[in-house]
Student: 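Below are the structure tokens for one structure; questions will follow.
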Amino acid sequence: MSSTRDRLQEILKVRDMKQSDILHLCEPYCKAYGVKITKSGLSQYCAGIITPKQDKVNILAMALNVNEGWLMGYDVPMERKSGDYISSAPKPSCVSSPVPPPEDPVTAEILNAVRSMPAEQQQQVLDYVQYLASREHK
């Protein structure tokens with residue numbers, strides 16, 4: 001299994017990016033979700049000194065338009081699929097406005113709970129919510 005460090009290094013190389021480019025792509029998501037990714041923190045992730053927590057992995061994955069599991073080093077496809085956390089994340093070259101934080105306190109509480117879960121559990125929650133939504137439309 002690869003590591004987040006390996007995957008960040010791969011993205012930097014393949015996309016001919018710098019760490020500062022990644023930070024720039026993360027800015028709108030960090031603001032929207034209240035997550036802070038610093039220059040020093042990203043540098044430590046890229047060097048393998050520390051591993052980002054799940055909330056930061058989610059921000060990095062959305063900003064880079066990659067699968068969270070792939071970014072964490074799992075043997076899964078790099079591409080985001082329609083069932084991923086936010087399937088409509090903008091491509092890195094054209095970041096538009098991020099998804100705003102929810103105004104409804106119940107939705108905010110649900111999102112906070114889901115963000116603290118491992119990626120596999122997040123997928124299960126998403127699958128269940130989609131199932132419930134599909135029943136609602138029948």
Student: State plainly whether one hydrophobic cluster holds both V66 and V14, where clusters connect Ile, Leu, Val, Met, Phe, Trp and Tyr through side-chain heavy atoms under 4.5 angstrom apart.
Tutor: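 No, no single cluster joins them.
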
Student: With side chains defined as the heavy atoms from C-beta onward, is the minimum distance between Q19 and L23 less than 4.5 Å?
Tutor: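 No, side chains not in contact.
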
Student: When you compare the side chain of M62 with that of L25, does any pair of heavy atoms fall below 4.5 Å?
Tutor: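 Contact flag for L25/M62 side chains = no.
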
Student: Is there a side-chain contact between E68 and R80 in this structure, where contact means two heavy atoms from C-beta onward sitting under 4.5 Å apart?
Tutor: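 They are in contact (side-chain heavy atoms under 4.5 Å apart), so the answer is yes.
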
Student: Side chains of Q9 and C46: does their closest heavy-atom pair fall under 4.5 Å?
Tutor: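 Counting from C-beta outward, Q9 and C46 do come under 4.5 Å.
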
Student: Under 3.5 Å, is there a donor-acceptor pair between the side chain of R7 and the main chain of W70?
Tutor: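 Judged by distance alone, yes, a pair lies under 3.5 Å.
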
Student: Rounded to the nearest 0.5 Å, what separates atom CD in E10 from atom CG in L71?
Tutor: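 Rounded to the nearest 0.5 Å, the CD-CG separation comes out at 10.5 Å.
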
Student: Distance from D21 atom CG to L12 atom CG, nearest 0.5 Å?
Tutor: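 Spacing of CG (D21) from CG (L12) equals 8.5 Å.
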
Student: Atom CG in N65, atom CG in L60: separation rounded to 0.5 Å?
Tutor: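 It comes to 13.0 Å.
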
Student: Rounded to the nearest 0.5 Å, what separates atom OG1 in T38 from atom CD in Q44?
Tutor: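 CD of Q44 is found 7.5 Å from OG1 of T38.
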
Student: So do the side chains of P52 and T4 get within less than 4.5 Å of each other, counting heavy atoms only?
Tutor: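 In contact.
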
Student: Would you indicate whether the side-chain heavy atoms of M17 and I22 approach each other to under 4.5 Å?
Tutor: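 In contact.
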
Student: Below 4.5 Å, heavy atoms only, C-beta onward: do K56 and Y45 meet side chain to side chain?
Tutor: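 Counting from C-beta outward, K56 and Y45 do come under 4.5 Å.
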
Student: Quick one: CD1 on I59 to CG on L64, what's the gap to the nearest 0.5 Å?
Tutor: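 Going from CD1 on I59 over to CG on L64, the span is 11.0 Å.
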
Student: Could you check whether any side-chain heavy atom of L126 comes within less than 4.5 Å of a side-chain heavy atom of V114, counting everything from C-beta outward?
Tutor: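 Answer no - side chains too far apart.
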
Student: Give, for atom OH of Y74 and atom OG of S2, the distance between the pair rounded to the nearest 0.5 Å.
Tutor: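 It is 12.0 Å, given to the nearest 0.5 Å.
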
